[in-house]
Amino acid sequence: MLRLYNTRTRKVEEFKPHRGRDVRIYVCGLTPSAEPHLGHARSFLFFDVLRRYLRHLGYSVLYVQNVTDIDDRSIAASLQEGLPVFEVVARHFVSFKRSMQRLGVAEPDLEPRATEFIGPILTMIEKLVESGHAYVSEDGIYFRVASFSRYGELSGKHVDELMVGARIAENEHKNDPLDFALWKFAKPGEPSWDSEWGAGRPGWHIECSAMAHELLGEPLDIHGGGYDLVFPHHENEIAQTESIERPPMANYWVHGGMLLFEQKKMSKSLGNYEPLEKLLDRVDPQAVRLWFLQTGYRKPINFNEEALAGARAGIAKLRKAWRTLFNAAFGDAQTDGHALIERIHEVVWATQDYDDLVARVDEALSDDMNTAAALAALFDAAGKAEEYVRRGEARQAAVAFTYALSLLNLFAERKWLEEPKLEIDPRLIEELIERRNRARAEKDFATADKVRAELAAQRVLLHDTRDGTTWSVAE
RNA sequence: GGCGACGUAGCCAAGUGGUAAGGCAGAGCUCUGCAAAAGCUCCAUUCCCCAGUUCGAGUCUGGGCGUCGCCUCCA
């Protein structure tokens, strides 16, 4: 059983899907008008873990995450760069996909683009106009907020208390400052699609209402996104959908906390960020994943290099423990990461043991996705890896540990499980170790230390143990 | 001005009434020619401040202080 915080009720509630085991999730995706940043990563990484956990609970999950591939900022960027909008959008979107892959975020089941759903969008607008919830104005078609009595319910806003002045842009022709655009008539040179009212493009909010309706239908079990989407985006989606479809649009509204940089929200408009791809070139994506998962998903987090470095060390600890357990349980898998992966699936799916570790992780995640508490359980187990081996429980511990890790997808990429690559031939390493040990036997420590230094330069670390000298690769 | 969130050790962070998880960093010990690894141990009498409720509060109530988010495109 999962308990989830629902923005609409402001309470943690028991999650009950509308259609039995069939769970439908719609998450507002990226508007690729600029390079994606770490804040985007946080949000989608959380929903990735949520999906994995729902599947663990036995639900069949259909996860839809849209792409807003047409909007004002993208058009502005295309004019500035002198490139077609689709080219600008595609570049940022592809970059986003690469980063998501590196972070171990699974692909959405469906990833619809706004421009592929112009038909359903226009159908919805037509219904809204016919029913009087929308009106045609000089520069576009607007939703009449006053026509929807529950407006503000999701975000807890009172319509008459909003600072509405700022909402009126000079060139907009709204009846009411709160009204928002469903369709924007094209200005010369702008990309546009034909409609019965005139060529134009969809407003931001309508695409989600239309695509969610078309692909999943109401009510969605979970509608998600970043906290900054609660108002006005999700509020507007509710107004549009529930004006013409049977409410509610969604049963659970789930929002992720913001990522801050120097105490300010990381955002495209402030530009206070390093492009995600560049960041992932210098910070281990797996450490990023751990760092996010060590904090509650609804809390704001400050970007923090020191914490990120700490997560890097933490991931090394988990990896080490995992290797210790797995090598003890399935010793032949010493360095072949691919073989290890195959074994994981073989073993995990063949075993449904729920020992203490898995139970603890399960309990933590069921409590509003408390990934930090789940990780604490994992670290406790990691600290006991040697003990499990000594007690002859390596196999069971390895299975439980692997299963728990897979719920968080911490070792998402195969290479994360492999030993770091070496340029030096292992046979040469063995030769050098022998030479060094002969020197040590003769108390020729100068030569011995020279060998150690030579190997260290190749990232090979030597460990003298009671049973002889072993080596490992520095990470 | 309205609505909302947060404030726990050097850093990050879990914890909504029962006596402070976990990670990083740090310290000591075992082992050791050196080094590392590994193991063991230690590291908040205290949770922004002040009142209050309670047998008992980081957890509830009231009041401060500070930070952030939304109200304009934003995960």
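Below, chain A is the first sequence line, B the second, and so on; all start at residue 1.
The shortest distance between the side-chain N/O atoms of Asn370(A) and the OP1/OP2 oxygens of rG15(B) is below 4.0 Å. The shortest distance between the side-chain N/O atoms of Lys265(A) and the OP1/OP2 oxygens of rC68(B) is not below 4.0 Å. In this model, the phosphate group of rG33(B) is not approached by any side-chain N or O of Lys443(A) to a distance below 4.0 Å at OP1 or OP2. Put simply, Lys264(A) has a side-chain N or O that comes within less than 4.0 Å of OP1 or OP2 on rG69(B). Of the side-chain N and O atoms in Lys299(A), none sit less than 4.0 angstrom from OP1 or OP2 of rC68(B).
Using a 4.0 Å heavy-atom cutoff across all strands shown, Gly296(A) reaches sugar-phosphate atoms only and no base atom. No contact: Asp160(A) has no heavy atom under 4.0 Å from any strand. Base engagement by Leu259(A) is indicated by at least one non-hydrogen atom pair under 4.0 Å involving a base atom. Note on Gly29(A): only backbone sugar-phosphate atoms sit closer than 4.0 angstrom, heavy atoms only; bases stay farther off. Residue-level contact check: Gly39(A) touches the bases, meaning some heavy atom is under 4.0 Å from a base atom. Nucleic acid contact for Leu462(A): base, since at least one base atom lies under 4.0 Å from a heavy atom of the residue. Residue contacts for His233(A): at a heavy-atom cut-off of 4.0 Å it reaches no nucleic acid atom on any strand shown. In this structure, Ala313(A) reaches the sugar-phosphate backbone alone: every heavy-atom distance under 4.0 Å involves primed, P, OP1 or OP2 atoms, never a base. Using a 4.0 Å heavy-atom criterion, one finds that Asn304(A) contacts the sugar-phosphate atoms exclusively. In this structure, Phe445(A) reaches the bases: a heavy-atom distance under 4.0 Å links it to at least one base atom across the strands shown. Contact annotation for Arg452(A): base contact, defined as any heavy-atom pair under 4.0 Å involving a base atom. Looking at heavy-atom distances under 4.0 Å, Arg298(A) makes no contact with the nucleic acid at all.
Comparing rC34(B) with rA44(B), their P atoms are spaced 32 Å from each other, to the whole Å. Distance check on atom P: rC50(B) versus rA37(B) gives 43 Å, rounded to whole Å. Distance check on atom C1': rU53(B) versus rU61(B) gives 7 Å, rounded to whole Å. Comparing the same atom, C1', in rG7(B) and in rU16(B) gives a spacing of 16 Å after rounding to whole Å. Here, rG52(B) and rC3(B) have their C1' atoms 27 Å apart, quoted to the whole Å. Here the separation of rG2(B) from rG64(B), taken at their P atoms, is 13 Å to the nearest Å. Annotation: rU46(B) and rA57(B) have their P atoms spaced 14 Å apart (nearest Å). The C1' atoms of rC31(B) and rA25(B) are separated by 24 Å, rounded to the nearest whole Å.
rU19(B) is unpaired under the Watson-Crick or G-U wobble criterion, no partner having all donor-acceptor distances under 3.5 Å. In this entry rG69(B) has rC3(B) as its Watson-Crick or G-U wobble partner, both defining distances falling under 3.5 Å.
Between the side chain of Arg436(A) and the base of rG33(B), at least one donor-acceptor pair of N or O atoms lies under 3.5 Å. Side-chain to base pairing of Lys268(A) with rC73(B): no donor and acceptor N or O lie closer than 3.5 Å to each other. Taking 3.5 Å as the limit, the base of rC3(B) and the side chain of Ser155(A) contain no donor-acceptor pair of atoms between them.
Taking every side-chain heavy atom of Thr295(A) into account, rA13(B) is the closest of rA5(B), rA13(B), rC70(B).
Between Phe261(A) and Phe303(A), the ring planes lie tilted relative to each other; the angle falls in the 30° to 60° range.
Using a 4.0 Å cut-off between charged nitrogen and carboxylate oxygen, Glu430(A) and Arg435(A) do not count as a salt-bridge pair. Between Asp221(A) and Arg24(A) there is no salt bridge, since no side-chain nitrogen of the basic residue lies less than 4.0 Å from a carboxylate oxygen of the acidic one.
For the pair Arg3(A) and Phe15(A), the NZ or CZ position fails the cation-pi test of under 6.0 Å to the six-membered ring centre and within 45 degrees of the ring normal. Both the sub-6.0 Å distance and the 45° axial angle are not jointly satisfied by Lys174(A) relative to the ring of Tyr142(A).
Side-chain N/O atoms of Thr68(A) and Glu207(A) include a donor and acceptor closer than 3.5 Å. Asn66(A) and Arg113(A) form no side-chain donor-acceptor contact under 3.5 Å, judged by distance and modelled atom types alone.
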